[in-house]
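To start, the structure itself, in structure tokens.
Heavy atoms only: backbone and side chains are in, while hydrogens, waters and symmetry mates are out. So that the names make sense, note that chain A is the first sequence line, chain B the second, and so on, each numbered from 1.
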Amino acid sequence: MLKVFNTMTRQKETFEPMTPGVVTMYVCGPTVYNYIHIGNARSAIAFDTIRRYFEYRGFKVKYVSNFTDVDDKMIKQAKKLGITVPELGDRFIKAFKEDTAALNIEPATVNPRATEHINEIIEFVQDLIDKDYAYPVDGDVYYRAHKFAHYGELSHLKLDDLEEGASQHTADEETARKEDPVDFALWKGAKPGEISWPSPWGAGRPGWHIECSVMSTHYLGDTFDIHAGGEDLVFPHHENEIAQSEAKTGKTFVHYWLHNGFVTVGDENEKMSKSLGNFVTVHDILKTVDAQTLRFFMATTQYRRPIQYSQRNLDTAARNLERLQTAYDNMGYRLKDAEGGHDPKTDQEVRQIVANYMDVMDDDFNVQNGVAEVYEVARLGNVYAERPVVFAGTLSFIRKTLTDLLSVFGVELQEAAELADQDIEDLIAERIAARKNKDFLRSDEIREQLKNQGIILEDTPQGTRWRKGN
RNA sequence: GGUGGUAUAGCCAAGUGGUAAGGCAGAGGUCUGCAAAACCUUCAUCGUCGGUUCGAAUCCGAUUACCACCUCCA
């Protein structure tokens, strides 16, 4: 029984999709005015991992993730770069796709852009006005937060408390136009020179929250299973989405709200964000950090926990990954002299580990316990691969189990490369001969020489083998 | 000020009542001509104080520290 932690109820709940076997999920994507930072990557990795686990468990997943390609930041950045807003969007959507591909994030079923749904947004806003949940003022349209009875339920905030907080920001002219400081914009009138679309309220652009209400319901229906994003989106973004969507449809918007924790950076353990200026882009990181290591590091931290991004943690992840790859190689090496058939007892042990894996992963995607089971598969595989007699069926079964479980984390193990260099092969042959003659001086010399070329030699009961390394 | 979260070994990190998973690092060992890889063994009483209980990391109260949200942000 799969359980997920629902932000709405602050509890783990049994996950029951609306349609058996099918998961509909919407993940808030980035505003595409820059390269994504590692916080964006964390969110994308966390929910990609969750998606992969659903798929591993046999669900079909409809995964929708948007691009916010028009808002104040987009307009500002486009102006700064001297390009249009659509050009800016194109540029960083392309960069997003490159970065996420490097991190082995599965492409979404649909990646809608806000600007592709302007007409629907206008209709949606008009509907809210017709229902008296919204009102136009001087080219803007605002939502009456107080009118929506459930406002604040997701974030567990009270409107009265919000007003106090909002009171610190009442100075700006936008607030002056609102009936109430907690009201939020559905549509923003354009200032001269800004990108805009015609609407019944004049030329303008969508407010931030409305696009997600429109696109999520457009692709997934008025009600869908999972809506996800960073925990900073709980308020106001997701709260406002609920208010908009449920006011319009009169139906429950989303069954399960999932939110990922932050990435922290540096000694202060401080939240990393674009606004704090302490962010690191994936684009830059991947110049020096192995993408798969970063993926493994983030995917094996439970999505609700904070992640401390540090070199030390990355190094540990790299070693862990190497260990798993080595286990895979160790088993692959024995495939050469394995006998046909299976070892039923070992197969059974592997199946037990897989059962444990699903057990812990079913508990709100407890990847830390999940990866512990993966290490157990690796250990078992290493032990098995050292047996004098091994069976190919069992070796393959363990190897496949290892790759299957790891692919949930978005990690792909590599088959050992074939040695293509004749000189190196000759040296290895010479060393084997030297060892037979107990000429260890020469044999160690060759081993050292190859090590300097990045080839590590290992003598096993089945003969000498090599691998790349340092 | 309001709300929520976190505090477990050198590091990362599981664990919601019964004598602390896992990984990295460290130590010892097996294997090896020596290595490497692997395997085995070993390494904490759970921020502080108090309470409940036969028994608490796990429940309650207090306290300290850190983080986040209340404003754009994954």
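- Between the C1' atoms of B:A74 and B:A37, the separation comes to 40 Å (whole Å).
- When both pairing distances are held under 3.5 Å, B:U42 makes a Watson-Crick or G-U pair with B:G26.
- To the nearest angstrom, P of B:A74 lies 18 Å from CG of A:D48.
- Rounding to whole angstrom units, CZ of residue A:R312 and P of B:A13 are separated by 12 Å.
- Nucleotide B:A68 has B:U3 as its partner under the Watson-Crick or G-U criteria, with both atom distances under 3.5 Å.
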Give every donor-acceptor pair under 3.5 Å between a side-chain atom in residues 42-50 of chain A and any protein atom, sequence neighbours left out.
unit_1, atom_1, unit_2, atom_2, d
A:R42, NH1, A:G261, O, 2.8
A:R42, NH1, A:R305, O, 2.8
A:R42, NH2, A:Q302, O, 2.9
A:R42, NH2, A:Y303, O, 3.4
A:R42, NH2, A:R305, O, 2.7
A:S43, OG, A:N260, OD1, 3.1
A:D48, OD1, A:E106, N, 3.1
A:D48, OD2, A:R52, NE, 2.8
A:D48, OD2, A:R295, NH1, 2.8
A:D48, OD2, A:R295, NH2, 2.9
A:T49, OG1, A:I45, O, 2.7
A:T49, OG1, A:R295, NH2, 3.1

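- Judged by distance alone, the side chain of A:D421 and the main-chain N or O of A:I424 form a donor-acceptor pair under 3.5 Å.
- As rounded to the nearest Å, B:C46 and B:A20 have P atoms that lie 12 Å from one another.
- The side chain of A:N313 has B:C11 as its nearest neighbour among B:A74, B:C11, B:C69.
- Atom-to-atom distance recorded for A:M8:CE and A:H227:NE2 is 11.0 Å, nearest 0.5 angstrom.
- Between A:F409 atom CZ and A:Q292 atom CD the span is 13.0 Å, to the nearest 0.5 Å.
- B:G10 sits 10 Å from B:U45 when the P atoms are compared, rounded to a whole Å.
- Straight-line distance from the CG atom of A:D359 to the P atom of B:A21: 18 Å, rounded to whole Å.
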### Message
Within the 4.0 Å limit for protein heavy atoms, which parts of nucleotides 27-38 of chain B are touched? Write it as a string from 5' to 3', B for base, S for sugar-phosphate only, - for none.
### Response
------BBBBBB
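- We find that CG of A:N366 is positioned 15 Å from P of B:G22, with the value rounded to whole Å.
- A donor-acceptor distance shorter than 3.5 angstrom exists from the side chain of A:Q414 to the backbone of A:E412, with no hydrogens or angles considered.
- For the pairing with A:D364, the salt bridge (Lys or Arg N to Asp or Glu O under 4.0 Å) check across A:K12, A:R304, A:K3 returns one residue only, A:R304.
- One interatomic measurement links the two molecules: CG of A:N260 to P of B:A68, which rounds to 15 Å at whole-angstrom precision.
- A:Y26 and A:Y219 have their aromatic ring centers separated by at least 6.0 angstrom.
- The nucleotide whose nearest atom lies closest to any side-chain atom of A:R319 is, among B:C24, B:G2, B:A21, B:C24.
- Near-neighbour residues of RNA chain B inside residues 299-307 of chain A, defined by a heavy atom below 4.0 Å, number-ordered: A:R305.
- Side-chain contact check for A:F262 versus A:I307: every heavy-atom pair is 4.5 Å or farther apart.
- Interatomic distance, OG1 of A:T326 versus CD of A:E458, reported as 8.0 Å (0.5 Å rounding).
- On the C1' atoms, B:G28 is 27 Å away from B:U19, given to the nearest whole Å.
- Between the CD atom of A:Q368 and the C1' atom of B:A14 there is a distance of 7 Å, given to the nearest Å.
- B:C59 is paired with B:G51 under the Watson-Crick or G-U wobble criterion, all donor-acceptor distances under 3.5 Å.
- B:U16 and B:A36 have their C1' atoms separated by 44 Å, with the value rounded to a whole Å.
- Where A:A41 and A:K12 meet RNA chain B, the nucleotide closest to each residue was compared, and A:K12 sits on the side nearer the 5' end.
- Contact annotation for A:D329: no contact, since no heavy-atom pair falls under 4.0 Å across all strands.
- Atom OH in A:Y357 sits about 16 Å away from atom C1' in B:A14, given to the nearest Å.
- A straight line from CD of A:E231 to P of B:U6 spans 11 Å, rounded to a whole angstrom.
- Pairing partner, B:A13: none, since no Watson-Crick or wobble contact has both distances short of 3.5 Å.
- Between A:Y35 and A:F92, the two ring planes are perpendicular [angle over 60°; tilted spans 30° to 60°].
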